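Keep in mind it's a predicted model, so treat the numbers as computed, not measured. Every heavy atom of this structure was used, including side-chain atoms; hydrogens, water molecules and symmetry mates were not. Quick note on labels: first sequence line is chain A, next is B, and so on, each numbered from 1.
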Protein chains: 2
Amino acid sequence: MAEDRRTRRSRRALGAALVELVLERGFTALTVEDITERADVARATFYAHFRDKEDLFARVTADLLDELGERLAPAVADSAVGFTGKPVLEMLRHAREERDLYRIVLRGDGDGKPLQMFTDACAKATADEFRARAERNAVQPRIDPDLLARVWVGEQIAVLRWWVEQESPSLPAEEVVRMLLDLALHGRYWASGFEPAV
Amino acid sequence: MAEDRRTRRSRRALGAALVELVLERGFTALTVEDITERADVARATFYAHFRDKEDLFARVTADLLDELGERLAPAVADSAVGFTGKPVLEMLRHAREERDLYRIVLRGDGDGKPLQMFTDACAKATADEFRARAERNAVQPRIDPDLLARVWVGEQIAVLRWWVEQESPSLPAEEVVRMLLDLALHGRYWASGFEPAV
DNA sequence: ACGTTACTGAACAAGCTGTCCGCAACTGAT
DNA sequence: ATCAGTTGCGGACAGCTTGTTCAGTAACGT
């Protein structure tokens, strides 16, 4: 007895309506009735599935993270050796497909809680990977893995946000990855075009 | 005829109450009455000064940014030559003094709008500075200054957030700056403890 | 001391929330 | 095709929050 078709329909419609409306008006400005109206669903039905709009947003975000996690797994395995940029590239592709949802999450709608879910998930996964590699290669990281992960993830998310907010023909994902890799490899001086003069 | 003392008192009290309460319960959960009650001010008075709680939050944030801008100006002038880390250090000090406010802004409360104000202000200032230096030194940046600024600011803000959320005796500001500078200088491979193996 | 300005406390309509209900429509399994 | 069980519907409910108004009072700056 798989999930009832009506249940799926309602949930999907409500999630999609939320994303559309948050993009248009922002999370705070939304009413539960706005959402149900757009989704073409009765208001009582909303409460049969979700506690409130925060709950809905949280679940939509959690689903997105699950999907991202599944897509990232093989890429991470592939690049276990060094920084190949494969996971980042995969994330950018995912973001392109789910652009609207990425936008509203990265904008920090919903008091930043979905964004926090996103950031924390990425930071945790990254830190774990850093630690695993350090152990595997028997090297001592020069900077605390957790801090390093935060930095790396903060950087990626900043770029990701910039990228999904760009209008139309933005930089191709491959190009963005190349830039991030250059930064990771050479540091900021290289990027800015002149050598250290401290 | 400077600003009326009563006006200043009310505004300050409301701002302080907002920060306290957002830290305790989160922005969405707050009522205007909660704020006025904590500030010991009549509800009608609130509306005499601010349109709604978003407005209050925005002004508090704008004031913070003004203050930060003033404190950063000399540090930026000092480090016009290379990456000295002085501006970052000054920002960390500011964050230590206004820790609660920094926390709630960086958490993305208020649908991330205050955070966006913060990020955009930093990114703009940074990008301008990058461009000015590139021109002064007559070099061609290898990466678009706007993108580079986003990356740099995204990184700083991620660290800043991590720092202000730390419990009690966290890393001293000087230490954090050193790490950030190392990253900016050497790139991520150096930090992770092994050399490129791509 | 005085004219001006801000704060107060109360009241208001309007809107939103979350929950309930009986009834209708749909679903999956037999 | 049938049927028991589930889900959706629409309306109604009290309770709360919002934003505005207003007359009276207190504090302000000069």
Side-chain angles (χ1 to χ4, degrees), chain A residues 1-63 104 109-114, chain B residues 1-63 104 109-114:
Chain A
M1 54 171 182
E3 201 186 28
D4 194 313
R5 183 195 294 164
R6 290 167 295 177
T7 302
R8 234 178 313 149
R9 260 177 57 87
S10 298
R11 283 199 219 269
R12 268 198 223 290
L14 288 168
L18 178 82
V19 176
E20 282 179 29
L21 286 169
V22 172
L23 204 57
E24 293 171 17
R25 296 183 225 161
F27 185 76
T28 303
L30 287 189
T31 298
V32 171
E33 187 159 19
D34 290 335
I35 302 171
T36 56
E37 198 177 315
R38 176 69 62 99
D40 216 355
V41 153
R43 203 165 67 89
T45 305
F46 178 95
Y47 289 104
H49 292 290
F50 307 101
R51 204 170 356 93
D52 45 33
K53 55 177 184 162
E54 279 79 12
D55 187 29
L56 169 58
F57 200 176
R59 297 215 200 184
V60 169
T61 307
D63 289 350
I104 65 175
D109 268 283
D111 275 1
K113 275 168 205 159
Chain B
M1 56 173 183
E3 200 187 29
D4 195 314
R5 183 194 296 161
R6 291 168 294 178
T7 302
R8 233 177 313 150
R9 262 176 57 88
S10 298
R11 283 201 221 269
R12 270 200 222 290
L14 288 168
L18 178 82
V19 175
E20 282 179 28
L21 287 168
V22 173
L23 204 57
E24 292 172 17
R25 297 184 224 160
F27 185 76
T28 303
L30 288 189
T31 297
V32 172
E33 188 159 17
D34 291 336
I35 303 172
T36 57
E37 198 177 316
R38 176 71 62 101
D40 214 354
V41 152
R43 204 164 66 90
T45 305
F46 178 95
Y47 288 104
H49 292 290
F50 307 102
R51 206 171 351 94
D52 46 33
K53 55 177 185 163
E54 280 79 12
D55 186 30
L56 169 57
F57 200 175
R59 299 217 198 183
V60 170
T61 307
D63 290 349
I104 65 176
D109 268 283
D111 276 1
K113 274 167 204 158

>> As a test of reading the structure: which of D:dT18, D:dT7, D:dG10 is closest to the side chain of A:T7, going by heavy atoms?
In response: D:dT7

> So, is A:H49 near the phosphate of D:dG8, with a side-chain N or O under 4.0 Å from OP1 or OP2?
Replying inline: yes

>> Distance check needed: C:dG28 P versus A:R9 CZ, whole Å only.
In response: 12 Å

>> Is there a salt bridge (charged side-chain N to carboxylate O under 4.0 Å, His left out) between B:R59 and B:D55? Walk through the geometry before answering.
In response: CA-CA 6 Å; B:R59 299 217 198 183; B:D55 186 30; 3.3 Å; yes

> Over how many whole Å does the gap from B:F50 atom CZ to C:dC7 atom C1' extend?
Replying inline: 14 Å

> Considering only D:dA26, D:dG19, D:dG11, which nucleotide approaches the side chain of B:R6 most closely?
Replying inline: D:dA26

>> Side chains of B:L56 and B:F46, heavy atoms from C-beta outward: is any pair under 4.5 Å?
In response: yes

> Touch check for A:T31, heavy atoms < 4.0 angstrom, all strands: base, sugar-phosphate only, or nothing?
Replying inline: sugar-phosphate

>> Let me spell it out: for each of A:T45 and B:R51, pick the nucleotide of DNA chain D with the closest heavy atom. Which residue's pick is nearer the 5' end?
In response: A:T45

> Separation of B:D55 atom CG from D:dT20 atom P, in whole Å?
Replying inline: 11 Å

> For DNA chain D, which residues in residues 34-42 of chain A have a heavy atom at a distance below 4.0 Å?
Replying inline: A:V41, A:A42

> Any side-chain N or O of A:Y47 under 4.0 Å from OP1/OP2 of C:dT19?
Replying inline: no

> Between the side-chain atoms of B:R43 and the base atoms of C:dG9, is any donor-acceptor pair under 3.5 Å?
Replying inline: no

> For B:E3, does its backbone N or O pair with a side-chain atom of B:R8 as donor and acceptor, under 3.5 Å?
Replying inline: yes

> Could you state the CG-P distance from B:L56 to D:dG19, rounded to the nearest angstrom?
Replying inline: 12 Å

> Are the side chain of B:D111 and the backbone of A:G110 linked by a donor-acceptor contact shorter than 3.5 Å?
Replying inline: yes

> Within the pair A:S10 and D:dT7, is there a side-chain N or O less than 4.0 Å away from OP1 or OP2?
Replying inline: no

> Whole-Å distance between D:dT17 P and B:L30 CG?
Replying inline: 11 Å

> Expressed in angstrom and rounded to an integer, what is the separation of B:D4 atom CG from C:dT5 atom P?
Replying inline: 10 Å

>> I'd like to check A:L30 versus A:V22 (side-chain heavy atoms, cut-off strictly below 4.5 Å). Are they in contact?
In response: yes

> Of A:D34, A:V32, A:D40, which is the lone residue that meets side-chain contact (heavy atoms from CB on, under 4.5 Å) with A:T36?
Replying inline: A:V32

>> Closer than 4.0 angstrom, basic N to acidic O: yes or no for A:R38 and A:E20?
In response: yes

> When the distance from CZ of A:F46 to P of D:dG8 is rounded to whole Å, what number comes out?
Replying inline: 13 Å

> Within less than 4.0 Å of OP1 or OP2 of C:dT27, is there a side-chain N or O belonging to A:R5?
Replying inline: yes

>> If I take atom CD in residue B:E3 and atom C1' in nucleotide D:dA27, what distance separates them, rounded to the nearest angstrom?
In response: 15 Å

